[in-house]
Amino acid sequence: MANRIPRVAVREQDPKARATNFEEVCYGYNREEAMLEASRCLHCKNPRCVSACPVNVQIPEFIAKVVEGDIEGAAAIIAQDSSLPAVCGRVCPQETQCEGSCVLGVKGEPVAIGKLERFVADYMHMGDAAGSSAPSAEAAPVSDSERPAIKGTGDRVAIVGSGPAGLACASDLAKWGYDVTIFEALHKAGGVLEYGIPEFRLPKDKVLKHEIEEVKRLGVKIETDVIIGKTVTIDHLMDQEGFKAVFIGSGAGLPKFMNIPGENLCGVFSANEFLTRNNLMKAWRDDYLTPIHAGKKVCVVGGGNVAMDAARTALRLGAEVHIVYRRTEAELPARKEEVHHAIEEGIIFDMLTNPVEVIGDEKGWVKALKCIRMELGEPDESGRRSPVPVEGSEFEIETETVIMALGTSPNPMISKSTAGLETNRRGCLVADEEGATTRPGVFAGGDAVTGAATVILAMGAGRTAAKAIDKYIKG
Amino acid sequence: MFEILSKEMLTPIICRMKVSAPRLAAAAQPGQFLIVRADEKGERIPLTISDFDRKEGTVTIVTQKIGASTADIIAYEPGECFADVVGPLGLASEFVEMPADKLAQQRYILIAGGLGTAPVYPQAKWLKEHGVPVDVIIGAKTKDLLIYTDEMREVCDNLFICTDDGSEGFKGMGTNMLEHVVEEGHKYTQAVIIGPMIMMKFTTLTCKKLGIPAIVSLNTLMVDGTGMCGACRVSVGGKTRFACVEGPEFDGYEVDFDQAMRRQGQYKAEEIAANENHVCKIGRGK
């Protein structure tokens with residue numbers, strides 16, 4: 001019986017070794033392991049995994065191809081619905097989506113759908129090196145002449161932001177024959193995949209760059225160093241440059257702080273700053289000029305994926321790292337695998353702890369983080385039990401650096417510079433379920449609409465909006 | 001790619017470059033800044049826009065060699081390209097959006113210190129073009145470090161030059177010069193101060209004493225320049241503001257300069273190490 005085979009374990013870098021390097025933690029499956037794991041799929045008539053996937057990848061179908069050893073066939077099936085399989089296989093919260101609804105998970109372990117997706121994507125450009133720690137060739141950039149000729153009407157669509165929402169929207173539109181240009185504010189494409197998610201979780205040159213080049217191969221142009229709302233406005237794109245529609249996938253880039261005393265001391269950073277310096281600006285590499293400050297001891301405040309990423313980055317830069325979170329481990333919003341990896345690597349979890357003040361020395365640098373103990377009270381509107389401070393329980397954690405990973409909100413640069421674009425009280429763009437904003441021809445999706453969420457939800461929103469844009473242009 | 005069209009050394013360590021950046025030039029306003037990344041491994045360095053030409057599609061930047069990254073920028077020659085030039089960033093100067101009737105009542109004194117003279121230039125130019133009375137004070141340590149004096153004379157009503165050692169113009173600092181000018185009977189409704197943090201702090205104090213409202217332009221640390229990293233946060237009137245998107249210009253009376261100066265030096269230790277170990281990647285020596 002297929003389901004008697006236990007879930008095939010995935011090989012990972014030793015925790016002690018990886019705590020000191022930025023190489024990828026997980027090696028992924030090789031061909032043999034992937035085929036064995038794929039054989040566990042029951043091929044349900046009503047596959048719940050597919051509906052649990054925000055972009056509805058045809059999971060049992062691609063897995064069936066893996067069982068046959070037809071990896072190319074599997075890749076083609078995934079490509080119908082996802083333009084970033086190597087990314088999603090690595091960063092999706094599978095436990096709450098596809099794998100979370102796998103029938104095998106009721107009594108045992110679900111099929112490792114994420115790891116299989118990753119294998120298929122990696123195999124397509126690394127071949128048999130997929131699933132090994134061997135370095136693979138960097139993706140060759142797509143030149144202008146390699147770009148396919150626009151097949152459809154060639155109507156121009158502008159995409160704001162080259163993160164997951166923008167890349168997914170652009171891919172679909174390009175496949176349908178639109179002339180798509182993505183405008184990216186930073187110097188590199190990828191959005192949060194480039195500046196936010198660390199190398200050890202998503203290798204940039206080996207994996208991300210390759211997937212972005214694949215999007216370009218569909219005919220999508222990417223113009224970096226253009227800040228929509230500053231360098232050019234949406235009005236300009238539509239009125240002067242002939243774009244028929246615009247999709248805003250600008251993400252949620254503004255960091256939140258706690259508004260507690262001492263937050264502007266030297267040594268207090270937003271997770272965004274810390275991660276951007278390390279990921280986009282490659283501060284971890286000696287041959288790049290960007291400075292970064294971790295020090296001997298770091299407190300990361302927050303419990304999401306970004307907090308885990310910042311903590312594990314600080315650890316690799318040589319610090320002792322504490323995660324300071326006001327609820328318990330059970331409520332940590334981070335992906336399970338990330339928490340698990342963080343614990344393995346030696347991150348210290350200070351749970352039921354909430355900062356009340358950052359204490360500085362005479363030179364204006366962080367000396368300690370003053371916290372208060374918390375206990376869990378009644379469930380709040382999100383269903384999670386809300387933490388309540390324990391009176392008189394204040395104490396200090398000595399630390400050199402404090403990293404605030406409390407979530408992010410959308411950047412107002414676009415909404416402020418575009419007439420007719422409404423935002424809600426959280427600063428998110430108002431859009432209907434198809435992604436249409438309050439301004440005709442302008443669509444939006446991803447974190448810019450929902451506030452900080454996941455890569456895959458942003459991709460789903462990008463795809464939904466692509467359909468709506470197609471309908472809008474065809475009238 | 002962003003081609004360097006011309007380059008001149010204004011002093012042994014201050015360099016002026018005209019760079020091709022058509023989209024940026026079309027949108028730039030006085031008071032705004034841009035970010036340059038010289039090459040793949042360089043930092044993103046915020047620089048003020050010291051001039052722009054929409055027709056030519058060019059922006060002018062003035063860079064002072066202070067660290068490894070600025071040294072790399074200065075090492076570029078005409079015909080070569082920077083990897084990235086992005087902007088305009090930050091908000092335009094307050095007067096750009098000011099209603100005409102209010103603008104007509106203004107008399108500006110722009111006070112520039114050192115490298116800060118470069119971003120003062122487009123402000124004076126804009127005010128002059130719009131018929132607003134504008135005087136300028138340029139201060140430097142010594143004669144050889146003065147920049148933009150000839151250009152500035154063309155775009156202001158009165159130019160006052162001062163040097164700490166008296167090698168040119170008035171002997172003294174910008175604060176002394178300002179007091180002197182006001183004593184002579186010049187009256188101003190608004191001062192704009194751009195220069196090193198410490199100079200802006202003390203010039204703001206002088207303005208306060210003289211009863212002149214003061215705007216300062218803060219050159220804080222930044223990574224992205226779009227509000228994403230928060231490295232640029234400053235306390236203004238007790239509130240945390242992001243200099244990159246809410247500034248760079250703020251009411252000088254309200255700025256916590258001591259905190260801003262400490263924050264500006266956050267990566268000093270790392271920078272010193274980088275300078276000592278820096279080997280110019282494009283083969284131009286230290």
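A note on names: the letters A, B, ... follow the listed sequences, proteins ahead of strands, and every chain is numbered from 1. This structure is a prediction, so every number in the text was calculated from the model and none was measured.
At a 4.5 Å heavy-atom cutoff, the contact between A:Ile292 and chain B is made by backbone atoms alone. The contact between B:Gln32 and chain A is made entirely by side chain atoms (from C-beta outward), counting heavy-atom distances below 4.5 Å. For A:Phe257, the part sitting under 4.5 Å from any heavy atom of chain B is the side chain, from C-beta outward, and nothing else. For chain B, the nearby part of A:Lys188 is the side chain; its heavy atoms alone come within less than 4.5 Å. Of the two parts of A:Lys282, neither the backbone nor the side chain holds a non-hydrogen atom closer than 4.5 Å to a non-hydrogen atom of chain B.
A:Val268 and B:Gln266 make their closest contact through N-OE1, 4.4 Å (heavy atoms, listed as atom of the first residue, atom of the second, distance). For the pair B:Arg263 and A:Leu265, the tightest heavy-atom approach, listed with the atom from each and the gap, is NH1-O, 3.5 Å. For B:Met228 against A:Asn272, the heavy-atom pair with the smallest separation is O-ND2, 2.8 Å. The shortest heavy-atom contact between B:Gly230 and A:Pro255 is N-CG, 4.4 Å.
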Is there a salt bridge (Lys or Arg N to Asp or Glu O under 4.0 Å) between B:Arg233 and A:Glu263 once you walk through the steps? CA-CA 10 Å; B:Arg233 54 196 201 280; A:Glu263 236 173 349; over 6 Å; no

Apply the test side chain to side chain contact (heavy atoms under 4.5 Å, CB included) to residues B:Asp72 and A:Leu289: give CA-CA distance (whole Å), side-chain angles for both, the deciding distance (0.1 Å), then the verdict. CA-CA 11 Å; B:Asp72 279 351; A:Leu289 289 176; 3.6 Å; yes

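Within residues 83-94 of chain B, the residues that have a heavy atom under 4.5 Å from a heavy atom of chain A are B:Ala83, B:Asp84, B:Val85, B:Val86, B:Gly87, B:Pro88, B:Leu89, B:Gly90, B:Leu91, listed by number.
Contacts with chain A were tallied for B:Gly227, B:Ala28, B:Ala27; B:Gly227 has the most, counting heavy-atom pairs under 4.5 Å. Contact tally against chain B (heavy-atom pairs below 4.5 Å) for A:Arg277, A:Arg285, A:His293: the top residue is A:Arg277.
Atom NZ of B:Lys7 has more than 12 neighbouring heavy atoms from other residues, nucleotides or ligands inside a 6.0 Å radius. The environment of B:Glu97 atom CD is sparse: at most 12 non-hydrogen atoms of other residues, nucleotides or ligands sit within 6.0 angstrom. Atom CG of A:Asp239 has more than 12 heavy atoms from other residues, nucleotides or ligands within 6.0 Å.
Residue B:Leu24 holds its CG atom at 8.0 Å from CD1 of A:Ile227, rounded to the nearest 0.5 Å. If you take CZ on B:Phe82 and NE2 on A:His187, they are separated by 15.0 Å, rounding to the nearest 0.5 Å. Once rounded to the nearest 0.5 Å, the distance linking CE of A:Met281 with SG of B:Cys229 reads 10.5 Å. Taken to the nearest 0.5 Å, the OH atom of B:Tyr267 stands 10.0 Å off from the SG atom of A:Cys266. Rounding to the nearest 0.5 angstrom, the gap separating the OG1 atom in B:Thr226 from the CG atom in A:Leu254 is 8.0 Å.
The backbone N or O of B:Val223 lies less than 3.5 Å from no partner atom in the side chain of A:Glu273, so there is not a single donor-acceptor pair.
Checking B:Glu43 against A:Tyr288 by side-chain atom types alone, no donor-acceptor pair falls below 3.5 Å. Looking at A:Asn264 and B:Thr240, their side chains do bring a donor and an acceptor atom within 3.5 Å of each other.
A cation-pi contact, defined as under 6.0 Å to the ring centre and within 45° of the axis, is absent between B:Arg23 and A:Phe183.
A heavy-atom distance below 4.5 Å is not found between the side chains of A:Thr276 and B:Asp224.
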